[in-house]
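Below, chains carry the letters A, B, ... as their sequence lines are ordered, and counting in each starts from 1.
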2 protein chains.
Amino acid sequence: MDIEKRKSLEAAGWKVGDASDFLGLTSAETELVELKTRLALFAKEQRKTNQLSQETLAHKIGSSQSRVAKIESGDPSVSLDLIVKALLSAGTTRQELAQAILDSV
Amino acid sequence: MDIEKRKSLEAAGWKVGDASDFLGLTSAETELVELKTRLALFAKEQRKTNQLSQETLAHKIGSSQSRVAKIESGDPSVSLDLIVKALLSAGTTRQELAQAILDSV
DNA sequence: CTTTAATATGTCATATTTGACATATTAAAA
DNA sequence: TTTTAATATGTCAAATATGACATATTAAAG
């Protein structure tokens with residue numbers, strides 16, 4: 001993990017240890033954050049590929065446009081459950097999901 | 001989705017539509033439930049493979065033995081975030097995670 | 001430029017998830 | 001059996017995620 005990636009995660013609002021101690025994150029926690037970030041980007045790609053507006057996708061998942069925007073921006077208030085629900089609702093297959101997990105951030 | 005699978009999901013406490021209308025689940029929601037169920041089973045396998053007790057894994061993820069039991073039993077109160085954190089903390093690689101997603105329930 | 005559709009950002013009351021705890025059940029020794 | 005370690009189940013206050021809303025910003029026409 002280089003300094004630039006650390007800065008970008010902190011800038012995005014990710015909690016880092018108790019206050020701002022980045023070293024407080026276990027490697028599993030860091031991996032999870034990176035995985036969620038990757039899937040957030042992928043969710044945006046997939047929605048566009050399937051020609052859906054954020055508003056349309058929001059209705060499909062029973063949510064709102066603003067929350068879809070938060071999903072795609074990697075907002076730390078968004079759960080992995082919601083990211084995956086958005087992906088599946090946008091037409092992403094399990095195969096594509098699995099491949100996205102293999103891709104690095 | 002056959003009747004037996006429906007019954008098993010409902011018996012496990014999964015919310016189904018507004019009250020008990022199973023048909024109220026979208027296919028994306030059903031896929032997500034099945035995915036979480038698969039990963040819950042996989043989490044139990046991985047913990048055992050790596051010779052960890054629930055108590056030990058609980059400490060690694062900053063949680064408790066009882067919640068690890070809930071993760072592994074597919075309890076509906078457990079988030080996908082927590083399931084994946086448990087997997088990664090038990091030593092599961094991204095490759096193994098991706099493969100588990102491809103496996104059917 | 002102006003209009004209009006799409007996306008982003010901030011806030012908040014409500015809903016869901018959380019770790020912790022007590023306690024029950026099961027499994028493995030001794 | 002009895003003891004002891006491991007796992008399961010139920011509950012709850014606190015923490016976190018949620019949809020909804022207002023509004024700002026951006027993009028695409030016209």
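- Taking the side chain as every heavy atom from C-beta outward, B:T26 and A:L88 never approach each other to under 4.5 Å.
- A donor and an acceptor atom, one from each side chain of B:S77 and B:D75, are located under 3.5 Å apart.
- When side chains are defined from C-beta on, A:R67 does not count as touching A:Q54, because their heavy atoms never get closer than 4.5 Å.
- Near DNA chain D, meaning a heavy atom under 4.0 Å away, there are no residues from residues 44-52 of chain A.
- In this structure the side chain of A:Q95 never reaches within 4.5 angstrom of the side chain of A:Q99, judged on heavy atoms.
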Reading 5' to 3' through nucleotides 21-30 of chain C, protein heavy-atom contacts under 4.0 Å coded B for base, S for sugar-phosphate only, - for none: B---------
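- Atom P of nucleotide D:dA17 and atom CD1 of A:I71 are separated by 13 Å, given to the nearest angstrom.
- B:D81 has a carboxylate O that lies under 4.0 Å from a charged side-chain N of A:K36, or vice versa, which qualifies the two as a salt bridge.
- Separating the CG atom of A:L80 from the P atom of C:dT16 is a distance of 19 Å, rounded to the nearest angstrom.
- Following rounding to the nearest Å, A:K85 (NZ) and C:dT16 (P) show an atom-to-atom distance of 11 Å.
- The distance between atom CD of B:E55 and atom P of D:dA5, rounded to the nearest whole Å, is 12 Å.
- Remark: A:S53 is not in phosphate contact with C:dA6, judged by side-chain N or O atoms under 4.0 Å from OP1 or OP2.
- Nearest nucleotide to the B:V78 side chain, out of C:dA8, D:dA8, C:dT18: C:dT18.
- In this structure, CD of B:E29 is placed 13 Å from P of D:dT18, rounded to the nearest angstrom.
- None of B:R47, B:H59, B:Q46 except one satisfies the side chain to side chain contact (heavy atoms under 4.5 Å, CB included) rule with B:L52; the exception is B:R47.
- In this structure, B:D75 places its CG atom 10 Å from P of C:dT17, rounding to the nearest Å.
- Residues A:T30 and A:S27 have side chains that never bring a donor and an acceptor to within less than 3.5 angstrom of each other.
- Atom NE2 of B:H59 and atom C1' of C:dT18 are 16 Å apart (whole Å).
- Rounded to a whole Å, the CD atom of A:Q54 is 16 Å from the P atom of C:dA5.
- At a threshold of 4.5 Å between non-hydrogen side-chain atoms, the residues A:D103 and A:F42 do not count as touching.
- Counting heavy atoms from C-beta on, the side chains of B:T92 and B:N50 never come closer than 4.5 Å.
- A:S89 approaches B:A28 most closely through the heavy-atom pair OG-CB, 3.3 Å.
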Watson-Crick and G-U pairing of DNA chain C, under 3.5 Å, as dot-bracket with | and [ ]: ||||||||||||||||||||||||||||||
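- For D:dA17, the OP1/OP2 oxygens have no side-chain nitrogen or oxygen of A:S79 closer than 4.0 Å.
- With a 4.5 Å cut-off on side-chain heavy atoms, A:L41 and A:R38 count as touching.
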